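Given the structure is predicted, the values throughout are model-derived calculations rather than measurements. The figures here come from the full heavy-atom set of this structure, side chains too, leaving out hydrogens, waters and symmetry mates.
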Amino acid sequence: MAKYTRIEVAQTMGSTKIVPLFYHEDITIAKKVLKACYDGGARVFEFTNRGDHAHEVFSELVKWVNQELPGMILGIGSVVDAGTASIFIQNGANFIVSPVLNPDMAKVCNRRKVAWLPGCGTLSEINYAEELGAEIVKIFPAGQIGGPDFIKSVKAPCPWTLIMPSGGVTPEEDNLKKWFSSGAYCVGLGSKLIFKNDAGDFDYKSITTTTKKSIAIASKF
């Protein structure tokens with residue numbers, strides 16, 4: 001059962017503005033990455049459904065986060081169907097992110113009042129997602145769809161729309177400035193934020209530092 005309401009999720013995404021997204025089958029590594037982002041100030045984290053038994057890893061992460069990382073809102077990404085959404089909701093997901101717009105997922109999430117962020121690529125899809133109850137929509141792959149200019153164009157006739165771009169977002173100030181100046185509500189950051197060192201290991205200290213810097217940059221907008 002979700003610990004946070006969909007309104008709390010939306011508000012926290014809007015206040016921290018940076019949403020790290022990550023998957024790893026090793027629970028120990030997943031915990032270390034989560035802790036590194038948490039120490040950097042992240043309070044929303046998207047664990048992606050990209051491997052076998054991901055729901056088992058996620059279930060353990062939820063229990064651990066609730067005990068060890070107070071205030072961290074953990075959700076699941078890369079979900080494309082209602083059945084999978086139901087599994088993760090049952091395992092404690094506070095929000096569901098999808099690369100696609102699937103109305104069946106909206107029904108499942110709305111029934112449990114769990115935040116649902118569908119992937120959209122056109123203004124018509126965004127409008128439909130909002131009709132289905134989405135507080136925030138994801139544009140993906142954001143860089144290929146049209147980048148910051150796409151968000152700016154959407155916000156002109158629909159200033160109420162809350163958009164999270166994912167794909168094409170990097171933690172550099174110039175890049176983040178373009179997205180937030182165009183009207184992005186928050187941004188999803190994956191491998192550009194959660195990276196490895198020259199030895200091929202995750203650089204937890206640098207992940208914390210980069211998360212902190214990214215949130216500081218985003219807070220200016």
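Here the side chains of Val108 and Ile89 are in contact, with some heavy-atom distance below 4.5 Å. Using a 4.5 Å cut-off on side-chain heavy atoms (C-beta onward), Ser214 and Ile18 make contact. Contact check for Thr211 versus Leu193: side-chain heavy atoms found under the 4.5 Å cut-off.
Not counting sequence neighbours, Phe45 has no partner by the ring-ring contact (aromatic ring centres under 6.0 Å, His included) test. With sequence neighbours excluded, the residues forming a side-chain contact (heavy atoms from CB on, under 4.5 Å) with Lys107 are Asp104, Arg111, listed by chain and number. Partners of Ser86 according to the side chain to side chain donor-acceptor pair (under 3.5 Å) rule, which considers only residues two or more places apart in sequence or in another chain, do not exist here. Every residue meeting the ring-ring contact (aromatic ring centres under 6.0 Å, His included) condition with Phe22, not counting sequence neighbours, appears here in chain and number order: Phe202. Checked against side-chain contact (heavy atoms from CB on, under 4.5 Å), Thr5 has the following partners two or more places apart in sequence or in another chain: Ile7, Glu8. For Tyr4, there are no ring-ring contact (aromatic ring centres under 6.0 Å, His included) partners, not counting sequence neighbours. Qualifying salt bridge (charged side-chain N to carboxylate O under 4.0 Å, His left out) partners for Lys178, counting only residues two or more places apart in sequence or in other chains: none. For Asn91, the side chain to side chain donor-acceptor pair (under 3.5 Å) partners two or more places apart in sequence, or in a different chain, are Ser59.
Here Trp160 is tied to no hydrophobic group at all, with no ILVMFWY side chain closer than 4.5 Å.
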Listed pairs under 3.5 Å, donor-acceptor, residues 114-124 side chains, sequence neighbours left out:
residue: Thr122; atom: OG1; partner: Glu125; partner atom: N; Å: 3.1

With a cut-off of 3.5 Å and sequence neighbours excluded, list every side-chain donor-acceptor pair involving residues 128-150.
residue: Glu130; atom: OE2; partner: Thr161; partner atom: OG1; Å: 2.9
residue: Glu131; atom: OE2; partner: Asn127; partner atom: ND2; Å: 3.3

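Within 6.0 Å of atom CG in Asp52, 12 or fewer heavy atoms from other residues, nucleotides or ligands are found, so the atom counts as exposed in its surroundings. Around the NZ atom of Lys31, the shell of radius 6.0 Å holds more than 12 heavy atoms that belong to other residues, nucleotides or ligands.
Under the 4.0 Å criterion applied to side-chain N and carboxylate O atoms, Lys220 and Glu173 are assigned as salt-bridge partners.
For residues 56-111, the set of pairs meeting the ring-ring contact (aromatic ring centres under 6.0 Å, His included) definition, not counting sequence neighbours, comprises Phe58-Phe88.
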